[in-house]
2 protein chains.
Amino acid sequence: MSIGVDNVFDSAAEGRDLPSIIINVAFPQRVNMSDVARAAGVSVATVSKVVNGRYGVARATIERVQQVIHQLGYEASLGAQSLRSHRTNVLGILVAEFEPFSTELLKGASTAVAGTGYQLLAYSSGDGAGTAVGWERRSLARLSGTLIDGAVIVTPTVVETKQGFHVVAVDPHTGPSGLPTVDSDNFAGAVLATNHLLSLGHRRIGHISGRPDLESSRLREAGFRQAMADAGVAVDERLVRVGGFRIESAAGTAGELLARADRPTAVFAGNDLSAISTMNVAREMGLTVPDDLSVIGFDNIPESALVNPPLTTIMQPLQQMGAEALRLLVDLIAGAERDIHIRLPTELVIRASCRALPD
Amino acid sequence: MSIGVDNVFDSAAEGRDLPSIIINVAFPQRVNMSDVARAAGVSVATVSKVVNGRYGVARATIERVQQVIHQLGYEASLGAQSLRSHRTNVLGILVAEFEPFSTELLKGASTAVAGTGYQLLAYSSGDGAGTAVGWERRSLARLSGTLIDGAVIVTPTVVETKQGFHVVAVDPHTGPSGLPTVDSDNFAGAVLATNHLLSLGHRRIGHISGRPDLESSRLREAGFRQAMADAGVAVDERLVRVGGFRIESAAGTAGELLARADRPTAVFAGNDLSAISTMNVAREMGLTVPDDLSVIGFDNIPESALVNPPLTTIMQPLQQMGAEALRLLVDLIAGAERDIHIRLPTELVIRASCRALPD
DNA sequence: ATGAAAGCGCTAACAG
DNA sequence: CTGTTAGCGCTTTCAT
């Protein structure tokens with residue numbers, strides 16, 4: 001079953017002359033620790049000690065084992081290793097799906113992980129399409145305890161903390177609590193967005209929100225209302241609608257809003273995806289952005305610069321948030337005392353999807 | 001040790017009225033299969049059968065076990081499960097680091113995985129910074145056999161195929177071989193890029209390549225030379241330099257190129273990162289793009305639209321490549337007969353980093 | 001300095 | 001229909 005180094009040539013003789021076959025034969029299947037042990041003439045326990053740099057192995061043995069490891073291309077199985085040792089030096093990033101928001105965080109986490117000695121494992125439950133709430137709980141249960149030493153969870157709705165397992169939530173939907181969190185100033189950002197539209201002369205401003213159960217969505221709506229109130233402009237409740245934060249779900253909402261005879265002159269979308277969706281719908285209805293409709297988004301995902309016209313939006317420093325989350329997680333695992341809530345500022349990014357209303 | 005469902009209320013009574021506290025107490029630590037078995041009054045084998053939907057369990061037992069599973073929030077450990085069963089319904093995407101190129105692929109793979117029943121696990125070796133070749137071999141050895149049923153490997157240099165384990169390489173550095181691959185037409189894309197510069201009247205055109213050992217890099221350089229030759233323009237070899245495909249590594253090369261008295265009027269960078277780096281260097285040297293220097297890239301990562309001026313580049317359909325790679329992998333695992341090499345077309349994307357030379 | 005043996009959480013024969 | 005048993009690949013006492 002297991003491959004002796006010694007029978008490589010026998011088997012190769014039976015193969016064809018394709019290089020790939022030779023490679024295949026040299027490593028016909030996964031080589032495990034007992035393969036190494038056998039080839040080196042030692043026990044698996046000794047191999048394990050060598051692999052993990054434990055004391056109590058003769059110099060000569062160490063070298064012989066390492067040589068065999070190198071020759072066979074042995075690498076410890078993450079699954080088996082973690083099952084037994086409960087320490088893997090792998091950190092998890094748990095997402096519902098890999099969309100622009102989470103991949104920006106991922107980039108930031110990836111740069112921050114360099115030099116920490118940890119590796120990164122991003123896991124998508126696949127339940128992206130709004131289906132299946134509780135993905136974060138399932139993913140966490142599946143990976144924690146084994147496989148990963150800690151996790152960053154992206155936009156979780158509910159998080160249970162397990163004893164002895166560290167979790168950092170990015171943009172959690174429940175708002176800061178006992179759980180370590182990283183988010184941006186959603187309220188201030190929404191005020192920024194709304195004030196921008198107001199300063200351009202807009203008064204009939206619509207808002208396409210995320211979902212009422214999401215904290216970030218609630219804060220953005222609250223910021224919108226605050227800015228409107230501060231400007232003394234009444235909010236037309238018929239122009240405030242739930243859009244769900246996704247391209248498809250926001251399209252219907254945008255359609256209803258824009259089909260009105262008294263449609264808004266400007267829309268503050270709860271996130272860039274909703275804003276992009278709104279622009280798509282507007283185009284299909286024969287409206288021109290920004291001439292017939294101004295649109296502002298939230299997030300500043302790279303895609304917002306790629307659409308036509310480029311989207312004016314509120315920047316969240318996503319990569320930085322990912323990096324901060326990872327650093328916070330590493331610190332928590334190391335047992336450092338530090339502030340477990342990080343809130344980063346937002347910023348207005350003016351591109352070309354809003355215009356000033358003529359007097 | 002193990003959590004009785006029954007003590008939830010007792011503990012909650014001591015807590016505050018925050019829902020999160022109740023949850024914390026309900027699942028103080030990882031619940032495993034024996035916890036479930038004990039709570040349900042059956043053996044772990046029976047629980048396993050219920051979890052995996054095996055035949056031969058009484059209706060009533062199934063329901064009782066499922067109830068306990070639900071109450072305890074049990075989820076099978078991926079590590080343990082895969083160690084034993086060698087089938088996890090998880091597909092891996094192995095990358096050196098999470099940068100714009102690989103995250104675009106990830107987005108595509110993420111959309112393609114929906115509905116397949118698989119989940120996605122993206123693993124970064126962390127050896128991003130050009131260090132440590134062979135990351136793909138190590139990552140693969142670490143995850144294959146356990147944890148994942150197949151893998152998409154992003155820009156691998158060397159890949160060994162293991163028996164019975166399916167791997168798809170995206171943009172492999174060795175060119176199509178026996179291994180299933182997905183890439184884009186690098187040669188044609190490079191011709192497109194070069195012709196664009198030629199059509200704008202440029203003759204002194206520099207090229208910042210990737211690394212000679214990378215197939216995609218070689219093809220782009222070859223396409224550049226072909227287009228120049230076809231146009232009857234001699235290539236000045238002093239203007240063709242290795243840049244390494246990364247921001248930092250390309251900066252030095254760009255600096256040397258632009259410091260020349262007879263510096264090029266246009267640069268075809270081997271990828272967008274090199275192009276962006278070249279624009280940075282040009283700015284630092286007091287040169288204006290595109291007035292003093294035209295720059296064209298390759299890839300069309302979202303970032304290329306965000307820089308100033310927006311980068312003219314060659315689009316590879318990255319998300320589509322990721323999606324195709326994932327579909328190919330799924331098909332291979334299913335044992336389908338199909339073409340194992342997929343090559344997608346490239347396209348010129350004109351933005352604002354190139355200008356026509358005055359006559 | 002080395003190895004035998006137990007066990008991490010799970011699945012798969014096999015017995016009952 | 002259910003439980004007992006063995007073992008996946010690894011780490012870790014504990015003997016030798």
Side-chain angles (χ1 to χ4, degrees), chain A residues 1-3 29-65 69 72 74-90 141-149 162 164-165, chain B residues 1-2 29-38 40-65 69 72 74-90 141-149 162 164-165:
Chain A
M1 353 241 65
S2 283
I3 324 89
Q29 60 183 56
R30 184 155 226 312
V31 11
N32 61 26
M33 201 172 259
S34 35
D35 295 324
V36 174
R38 200 171 316 115
V42 296
S43 71
V44 291
T46 301
V47 177
S48 175
K49 283 170 193 153
V50 171
V51 167
N52 296 290
R54 299 276 178 273
Y55 294 110
V57 184
R59 173 67 123 226
T61 308
I62 293 181
E63 278 170 12
R64 184 155 34 96
V65 170
I69 286 175
L72 297 185
Y74 169 75
E75 202 76 21
S77 154
L78 180 58
Q81 200 170 40
S82 68
L83 185 56
R84 189 59 231 249
S85 71
H86 288 193
R87 171 80 203 216
T88 59
N89 289 319
V90 175
R142 231 153 162 230
L143 302 182
S144 73
T146 48
L147 290 182
I148 55 178
D149 296 343
K162 306 250 195 266
F165 185 80
Chain B
M1 7 234 60
S2 284
Q29 64 182 54
R30 186 160 223 310
V31 13
N32 62 24
M33 200 171 260
S34 35
D35 293 325
V36 175
R38 201 171 313 119
V42 295
S43 71
V44 291
T46 301
V47 176
S48 174
K49 283 170 193 153
V50 171
V51 167
N52 296 290
R54 299 276 177 273
Y55 294 111
V57 184
R59 173 68 122 227
T61 310
I62 293 181
E63 278 170 11
R64 182 156 33 100
V65 170
I69 286 175
L72 297 186
Y74 170 75
E75 203 75 22
S77 154
L78 180 58
Q81 200 170 39
S82 69
L83 185 57
R84 188 58 229 244
S85 72
H86 289 192
R87 172 80 204 217
T88 58
N89 288 319
V90 175
R142 219 145 178 232
L143 301 183
S144 74
T146 46
L147 289 184
I148 55 177
D149 295 343
K162 305 248 196 269
F165 185 80

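No hydrogens, no waters, no symmetry mates; every other heavy atom, side chains included, goes into these values. Naming convention: chains lettered A, B, ... in sequence-line order (proteins, then strands); numbering from 1 in each chain.
- Residue A/L72 contributes atom CG, which lies 15 Å from atom P of D/dG9 at whole-angstrom precision.
- Listed for the B/R64 side chain is a donor-acceptor partner under 3.5 Å among the backbone atoms of B/A40.
- When each of A/V47, A/T46, A/V65 is tested with A/V57 by the rule side-chain contact (heavy atoms from CB on, under 4.5 Å), just one qualifies, namely A/T46.
- For D/dG9, neither phosphate oxygen OP1 nor OP2 lies less than 4.0 angstrom from any side-chain nitrogen or oxygen of A/Q81.
- Where B/V57 and A/V51 each meet DNA chain D at their nearest nucleotide, the meeting point lying more 5' is that of B/V57.
- The CG atom of B/L147 sits 16 Å away from the P atom of C/dG9 (whole-angstrom rounding).
- Residue A/S43 places none of its side-chain N or O atoms closer than 4.0 Å to OP1 or OP2 of C/dT2.
- The CG atom of A/L83 sits 9 Å away from the C1' atom of D/dC8 (whole-angstrom rounding).
- Taking atom CG of residue B/N32 and atom P of nucleotide C/dT11, one finds them 12 Å apart after rounding to whole Å.
- In this entry the distance linking CZ of B/R59 with P of D/dC1 reads 11 Å, nearest Å.
- Residue-level contact check: A/A45 touches the bases, meaning some heavy atom is under 4.0 Å from a base atom.
- Along DNA chain D, the nucleotide closest to A/M33 and the one closest to A/K49 are compared, and the more 5′ of them pairs with A/M33.
- Interatomic distance, NE2 of A/H86 versus CG of A/L147, reported as 10.0 Å (0.5 Å rounding).
- Counting all heavy atoms, side chain and backbone alike, A/N32 lies closest to A/Y74 at C-CE1, 3.5 Å.
- Within the nucleic acid shown, A/T61 comes within 4.0 Å of sugar-phosphate atoms alone, with no base atom in reach, counting heavy atoms only.
- Taking side-chain N and O atoms only, B/S48 has no distance below 4.0 Å to OP1 or OP2 of C/dA12.
- When the P atom of D/dT2 is taken as reference, atom CZ of B/R54 falls 16 Å away, rounded to whole Å.
- Put simply, the side chain of B/N52 never gets that close to the backbone of B/R54: no donor and acceptor are under 3.5 Å apart.
- Contact annotation: B/N52 reaches the phosphate of C/dT11 (side-chain N/O to OP1 or OP2, under 4.0 Å).
- Between A/S77 and D/dG9 there is no side-chain polar atom (N or O) within less than 4.0 angstrom of OP1 or OP2.
- For A/T46, whose side chain is taken as the heavy atoms from C-beta onward, the closest listed nucleotide among C/dT2, D/dC10, D/dT2 is C/dT2.
- Put simply, B/Y55 has no side-chain N or O that comes within less than 4.0 Å of OP1 or OP2 on D/dT2.
- No more than 12 heavy atoms of other residues, nucleotides or ligands sit less than 6.0 Å from atom CZ of A/R59.
- Computed from coordinates, the B/R87 CZ to C/dA12 P distance equals 12 Å when rounded to whole Å.
- Look at CG on A/L78: it is 11 Å from P on D/dC10, rounded to the nearest Å.
- Taking only side-chain nitrogens and oxygens, A/R84 never comes nearer than 4.0 Å to OP1 or OP2 of C/dG7.
- Under 4.0 angstrom from either OP1 or OP2 of D/dT11 there lies no side-chain N or O belonging to A/S85.
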